[in-house]
Number of protein chains: 2
Amino acid sequence: MLTQSAIRTGSFKQPMASIRLPAAATPQGGTIEMMGALMTFTRDSEIYGENEPADYLYKVVSGAVRTYKVLVDGRRQIGAFYLPGDTFGLEVGDLHTFSAETITNCKIIVTKRSAVVALAERDNDAAREMWSLTARELQRVQDHILVLIKSAQERVASFLLEMADRTADAGVIELPMSRQDIADYLGLTIETVSRTLTQLEKSATIEVPTSRRIVLRNRSALHRLNA
Amino acid sequence: MLTQSAIRTGSFKQPMASIRLPAAATPQGGTIEMMGALMTFTRDSEIYGENEPADYLYKVVSGAVRTYKVLVDGRRQIGAFYLPGDTFGLEVGDLHTFSAETITNCKIIVTKRSAVVALAERDNDAAREMWSLTARELQRVQDHILVLIKSAQERVASFLLEMADRTADAGVIELPMSRQDIADYLGLTIETVSRTLTQLEKSATIEVPTSRRIVLRNRSALHRLNA
DNA sequence: CGACCATTTGATATGGATCAAGCGATGTGG
DNA sequence: CCACATCGCTTGATCCATATCAAATGGTCG
């Protein structure tokens, strides 16, 4: 059961990223990011690696991020995609369990974990926020398990609905990630992802005007597939 | 991609369970269970259902428990097995995301969640314990994802190693759960689980003296499979 | 001893992986 | 500005792992 995943994919580590400003720049949002700095990352650059100390928290301002693990045999499993507004990098232990890299150019608010933890000890809101972030993460992972036991059609349908829910521009999804990323997220090959999409297009469930843009034509059909 | 899972399986809800004693009965262990009551459950009885309020925490004293979801199409996914010493039922939200039922007759310490939360607000140890339980849970789920993208051989090998690590009686595993349970945990069919086990037996990696007892003969071979 | 249920084993079907080629968009150098 | 190389994606042909269907075996409990 070898996938071509990481073999075909390139991960490019380049020092990148410039600090911008001590960000009270973004007005609304939780207390956590208040203490952070806005950083810029170029696409495909590593944010942190698996097993590195988890000293920072990250909140996506713009762009998209993937977390992943590469298994010994070269397969890559993507754990999650993070989009604007999403926070990632909060670990329950002291080390990152996944690696993280940008999919596109990104602006990300980076906050020292120690500062957040310290704040949480005094401030109930911050503590609640950390708890809720962990909750969301656990929920996401549990849902992911349910996706991984389904058929290819169901997995792709789940993925499309998930992306639609999160970006929600009236049924038009702009995908920041490649087919390979989607495949590694869903535990499929790019060929299967591609074929499934054309299949859905032929059944008038979606339209694929360009490979990175998908229009949902029949959401209920997707939900039905989603089983 | 229909599995026979829940169709073949019976879930029996019977009111069951008798309260035993306000348990300081078990001396060692975290602060949490100190406040609990020891309850007895017969095998295959429901402890709680999906979407029910998560008002209690549970710690297995003896026996084994499974948590699961039944999908709309009847497939059942087992989320985890809990063995003596394991705590379950701690949710990040207010509702249980899985159902829980006993696999065998069980003794379980049941603790009111509100009491635990209240304690955690005053006592750092209790708070740390809750956090660590959540951490372990997240870790478990993430590992499970990695298992589900592997081949049947790899999944079964992972499962055996996991069980060996947790019960650890010198390479002899006593399985409390049926093949169907294992299949639904690993996202396989009972036939595939069974065939894989006989395959491992033929390659002298394991012995299967009875269907519920498995002897590890060659752990490193399993680790190699585990990829 | 006989019925029942769990497990194993066998035969076949099939969904998705693999191998391979074609296609379209994007970018680069001449 | 165009020709060509490159890269990501799609499409096609074939293969294989696992599901499905079916039957045999074995262990348990009345």
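Excluded from the calculations below are hydrogen atoms, water molecules and symmetry mates; all remaining heavy atoms, backbone and side chain alike, are included. This is a predicted model, so every value here is computed, not measured. Every chain is numbered from 1, with letters handed out A, B, ... down the list of sequences.
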Roughly how many Å is it from CD1 in B:I190 to C1' in C:dT8, rounded to a whole number? 10 Å
Donor-acceptor contact present, side-chain A:K69 to main-chain A:G79, <3.5 Å: no
Protein-nucleotide distance (B:L186, atom CG; D:dA17, atom P), rounded to Å: 19 Å
Euclidean distance, atom CE of residue A:M177 to atom C1' of D:dG8 [Å, nearest integer]: 15 Å
Roughly how many Å is it from CD1 in B:I182 to P in C:dA6, rounded to a whole number? 14 Å
Within this structure, what is the CD1-to-C1' distance between A:I206 and D:dT10, rounded to whole angstrom? 13 Å
Does the salt bridge (Lys or Arg N to Asp or Glu O under 4.0 Å) test come out yes or no for A:D86 and A:R166, once each step is laid out? CA-CA 10 Å; A:D86 293 339; A:R166 292 171 66 186; 2.6 Å; yes
Do the side-chain N or O atoms of B:R212 get closer than 4.0 angstrom to the phosphate oxygens (OP1, OP2) of C:dT7? yes
A:R43 CZ - D:dG8 C1' separation (whole Å): 11 Å
With a 4.0 Å cutoff (strictly under), does any side-chain N or O of A:S178 reach OP1 or OP2 of D:dG8? no
So, B:T205 versus B:N218: side-chain donor-acceptor pair below 3.5 Å or not? no
Among residues 196-204 of chain B, which ones have heavy-atom contacts with DNA chain D below 4.0 Å? none
For the pair made of CG in B:L188 and P in C:dG16, what is the distance, rounded to whole Å? 15 Å
Between the base of D:dC21 and the side chain of B:E191, is there a donor-acceptor distance below 3.5 Å? yes
Donor-acceptor pair present, A:R155 side chain and C:dG16 base, under 3.5 Å: no
In terms of heavy-atom contacts, A:L83 and A:A64 come closest through CD2-CB, 3.9 Å
Does A:Y48 have more than 12 heavy atoms from other residues, nucleotides or ligands lying within 6.0 Å of its OH? yes
Can you see if the side chain of A:R179 gets near the phosphate of D:dT10 - specifically, an N or O under 4.0 Å from OP1 or OP2? yes
Whole angstroms only, please: what is the CG-P distance between A:D44 and D:dG8? 9 Å
May I ask you to check whether over 12 heavy atoms, not counting those of B:F159, lie within 6.0 Å of atom CZ? yes
Under 4.0 angstrom between A:T192 side-chain N/O and C:dG16 OP1 or OP2: no
Option passing side-chain hydrogen bond (donor to acceptor under 3.5 Å, both in side chains) with B:Y68 (candidates B:E50, B:Q77, B:E101): B:E101
How is A:S211 classified with respect to the nucleic acid when contacts are heavy atoms under 4.0 Å: base, sugar-phosphate, or nothing? sugar-phosphate
